[in-house]
Number of protein chains: 2
Amino acid sequence: MAMTRIGIVADTREATSGIPGLLRKGGIAVEMKRLDVGDYVIAQYAVERKTARDFITSLYTGRLFDQADRIAKSYKNFLLVVEGETQETLAGLKNPRVYWGTILALALNLDFKIFFTFDQEQTADLLYVLAKRVYRRRTATKPLLARKPRMGTTSDWQLAIVEGLPTIGPKLAERLLASLGSVRNIFRASRLELALMGRIGHARAKQIQELLDARYRRDISEQARLG
Amino acid sequence: MAMTRIGIVADTREATSGIPGLLRKGGIAVEMKRLDVGDYVIAQYAVERKTARDFITSLYTGRLFDQADRIAKSYKNFLLVVEGETQETLAGLKNPRVYWGTILALALNLDFKIFFTFDQEQTADLLYVLAKRVYRRRTATKPLLARKPRMGTTSDWQLAIVEGLPTIGPKLAERLLASLGSVRNIFRASRLELALMGRIGHARAKQIQELLDARYRRDISEQARLG
DNA sequence: ATAGCCGGGTGGTGA
DNA sequence: TCACCACCCGGCTAT
């Protein structure tokens with residue numbers, strides 16, 4: 001099976017920035033291409049890199065918003081990376097509030113994600129992590145779940161597992177285990193047994209029973225990822 | 001003037017930060033209140049202010065994500081303001097990529113809006129501009145705290161429960177559920193069934209089986225606590 | 001809900 | 001079968 005290669009497409013003008021080199025050193029395949037929008041493309045993400053000075057001066061020319069508008073229409077996920085000493089440049093401004101207004105407009109109205117890096121190395125790190133994240137198959141946001149016990153005792157594990165059940169917290173988990181004796185007994189119990197012997201309410205028992213018996217099926221997002 | 005007063009609600013703990021004073025000097029009405037989450041509330045926006053040092057250190061403790069989880073569930077529009085010299089603190093990190101990974105997770109997965117300010121004055125400027133923006137376009141009055149309901153899907157719960165088992169992570173949880181069909185089938189399975197039908201190794205199967213069948217007893221620390 | 005590292009489990013290989 | 005070993009995977013840890 002052909003492993004999916006972690007890859008980034010970089011605009012040809014970024015060749016001299018040193019960033020493609022840093023990415024390759026991290027084991028990422030970088031393809032140089034002429035991009036019509038953005039400087040880097042990672043799967044569904046487009047990344048525009050701007051130096052702090054360019055960014056600040058472009059606040060006044062309005063050029064930024066022309067680009068921003070075009071970009072927002074083309075890409076659903078757009079990341080703006082501002083690279084360099086923002087504070088220094090910002091300090092020279094007569095009216096700093098213009099800066100915050102622009103940042104807010106980009107973030108709230110156009111839904112841009114803005115990141116601040118100090119130098120090319122940090123920008124490369126950001127792109128590296130983004131690429132890793134994109135290509136890593138990972139289950140989406142999980143329900144609130146008690147963390148696994150760090151090298152804990154048996155009863156820690158037992159409690160953690162039972163607490164994983166919906167609507168079951170530490171108190172109920174303790175009571176269930178004390179009543180039914182083992183994790184297996186709890187997960188084997190019928191709705192009625194949960195309610196009576198486990199001494200929990202009918203609503204909770206029903207909810208738990210339905211989840212235990214639910215037929216597993218990959219959800220949509222994961223199907224898409226697995227092709 | 002009978003204009004609608006531009007107002008910000010600030011948490012009482014922010015009283016000593018100097019920011020409410022700066023805002024009032026800018027002609028903004030600041031009301032001090034005990035907020036359950038966040039430090040400032042401006043119409044539908046909740047703002048959490050965090051010092052750079054707190055932000056960086058909280059990457060490791062997980063405290064950040066505990067708060068983030070609560071917040072993301074409660075507010076539709078959430079702004080995170082990181083105040084101070086981020087670079088200095090970031091330079092002390094052994095693995096800077098953790099920082100970028102966290103930033104990306106917050107921005108892309110939780111849809112947080114993250115802003116970086118240098119000091120209280122800049123934070124006040126940011127809040128000032130945000131307040132002006134919000135009240136300039138007085139569209140239909142939105143609820144102060146827009147709820148964002150987001151419940152996990154059934155398969156999320158199933159995976160989370162199975163991942164609670166020792167030595168079982170996302171990959172193996174998926175395999176087990178796909179093979180055995182339901183959570184109950186997994187927890188009902190014998191060691192042999194886990195190994196063969198669940199397609200995991202004998203060592204893991206043994207460890208799981210032993211935990212499932214272990215008789216529950218409070219451990220030492222808890223016994224001591226309960227007297 | 002991070003990323004990196006490490007120790008141990010798995011399963012395939014060849015003898 | 002068995003010993004070996006390369007990869008995969010989950011869990012710990014970081015400041």
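Computed over heavy atoms, backbone and side chain alike; hydrogens, waters and symmetry mates excluded. The chains referred to below are lettered A, B, ... by the order of the sequence lines, with proteins before strands, and numbering in each begins at 1. All values reported here derive from a predicted model rather than from experimental measurement.
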Restricting to nitrogen or oxygen on both sides, can you table the protein-nucleotides 1-3 of chain D pairs closer than 3.5 Å?
none

Enumerate the protein-to-nucleotides 4-12 of chain C contacts in which both atoms are nitrogen or oxygen and the separation is below 3.5 Å.
{"residue": "C:dG4", "atom": "OP1", "partner": "B:R97", "partner atom": "NH1", "Å": "2.9"}
{"residue": "C:dG9", "atom": "O3'", "partner": "B:R204", "partner atom": "NH1", "Å": "3.3"}
{"residue": "C:dT10", "atom": "OP1", "partner": "B:G201", "partner atom": "N", "Å": "3.2"}
{"residue": "C:dT10", "atom": "OP1", "partner": "B:G201", "partner atom": "O", "Å": "3.2"}
{"residue": "C:dT10", "atom": "OP1", "partner": "B:R204", "partner atom": "N", "Å": "2.9"}
{"residue": "C:dT10", "atom": "OP2", "partner": "B:A203", "partner atom": "N", "Å": "3.2"}
{"residue": "C:dT10", "atom": "O5'", "partner": "B:G201", "partner atom": "N", "Å": "3.4"}

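Within a 6.0 Å radius of CZ in A:R53, other residues, nucleotides and ligands contribute 12 heavy atoms or fewer. The environment of CZ in A:R24 is crowded: more than 12 heavy-atom neighbours from other residues, nucleotides or ligands sit within 6.0 Å.
A close approach under 4.0 Å does occur between a side-chain nitrogen or oxygen of B:K94 and OP1 or OP2 of D:dT15.
In this entry the distance linking CZ of B:F55 with C1' of C:dT2 reads 11 Å, nearest Å. If you measure from atom CG of B:L165 to atom P of D:dG10, you get 12 Å, rounded to the nearest angstrom. For the pair B:I103 CD1 and C:dA1 C1', the computed distance is 14 Å after rounding to whole Å. Taking atom CG of residue B:L176 and atom P of nucleotide D:dG10, one finds them 10 Å apart after rounding to whole Å. We find that CG of B:L90 is positioned 14 Å from C1' of C:dA3, with the value rounded to whole Å. Here the C1' atom of nucleotide C:dT2 and the CD1 atom of B:I56 are 13 Å apart, to the nearest Å. Look at CG on B:L104: it is 12 Å from C1' on C:dA3, rounded to the nearest Å. To the nearest angstrom, C1' of D:dC12 lies 16 Å from CG of A:D156.
In this structure, a donor-acceptor pair under 3.5 Å is present between the side chains of A:R133 and B:N109. Between the side chains of B:E174 and A:Y216, at least one donor-acceptor pair of N or O atoms lies under 3.5 Å.
Nucleic acid contact class of B:I168 (heavy atoms, under 4.0 Å, all strands): sugar-phosphate only. Within the nucleic acid shown, B:L172 comes within 4.0 Å of sugar-phosphate atoms alone, with no base atom in reach, counting heavy atoms only.
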Reading DNA chain C 5' to 3', how would its secondary structure be written in dot-bracket notation, given Watson-Crick and G-U pairs with both distances under 3.5 Å, brackets [ ] for crossing pairs and | for partners on other strands?
.||||||||||||||

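For B:L110, whose side chain is taken as the heavy atoms from C-beta onward, the closest listed nucleotide among D:dC9, C:dT2, C:dA1 is C:dA1. Among the nucleotides C:dT2, D:dG10, D:dG11, the one closest to the side chain of A:W157 is D:dG11. Closest to the B:K171 side chain, of the nucleotides C:dA3, D:dT15, D:dG10, is D:dG10.
A salt bridge links A:K113 with B:D111; the closest basic N to acidic carboxylate O contact falls under 4.0 Å. Looking at A:K33 and A:D11, no side-chain N of the basic residue comes within less than 4.0 Å of a carboxylate O on the acidic one, giving no salt bridge.
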Could you list the donor-acceptor pairs under 3.5 angstrom formed by side chains in residues 115-130 of chain B, with sequence neighbours left out?
{"residue": "B:T117", "atom": "OG1", "partner": "B:T123", "partner atom": "OG1", "Å": "2.8"}
{"residue": "B:D119", "atom": "OD1", "partner": "B:E121", "partner atom": "N", "Å": "3.3"}
{"residue": "B:D119", "atom": "OD1", "partner": "B:Q122", "partner atom": "N", "Å": "3.0"}
{"residue": "B:Q122", "atom": "OE1", "partner": "A:Q87", "partner atom": "NE2", "Å": "3.3"}
{"residue": "B:Q122", "atom": "OE1", "partner": "B:F118", "partner atom": "N", "Å": "2.7"}
{"residue": "B:Q122", "atom": "NE2", "partner": "A:Q87", "partner atom": "OE1", "Å": "2.8"}
{"residue": "B:T123", "atom": "OG1", "partner": "B:E83", "partner atom": "OE1", "Å": "2.5"}
{"residue": "B:T123", "atom": "OG1", "partner": "B:D119", "partner atom": "O", "Å": "3.1"}
{"residue": "B:D125", "atom": "OD1", "partner": "A:R97", "partner atom": "NE", "Å": "3.0"}
{"residue": "B:D125", "atom": "OD1", "partner": "A:R97", "partner atom": "NH2", "Å": "3.4"}

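Under the rule for a ring-ring contact (aromatic ring centres under 6.0 Å, His included), A:Y99 has no partner lying at least two apart in sequence or in another chain. Partners of B:R184 according to the salt bridge (Lys or Arg N to Asp or Glu O under 4.0 Å) rule, which considers only residues two or more places apart in sequence or in another chain, are A:D213.
A 4.5 Å side-chain heavy-atom check between B:I208 and B:I200 finds at least one atom pair inside the cut-off.
Residue B:A52 comes nearest to B:G84 through the heavy atom pair CB-C, 4.0 Å, listed as atom of the first residue, atom of the second, then distance.
Separating the CG atom in B:L196 from the CZ atom in B:R191 is a distance of 12.0 Å, to the nearest 0.5 Å.
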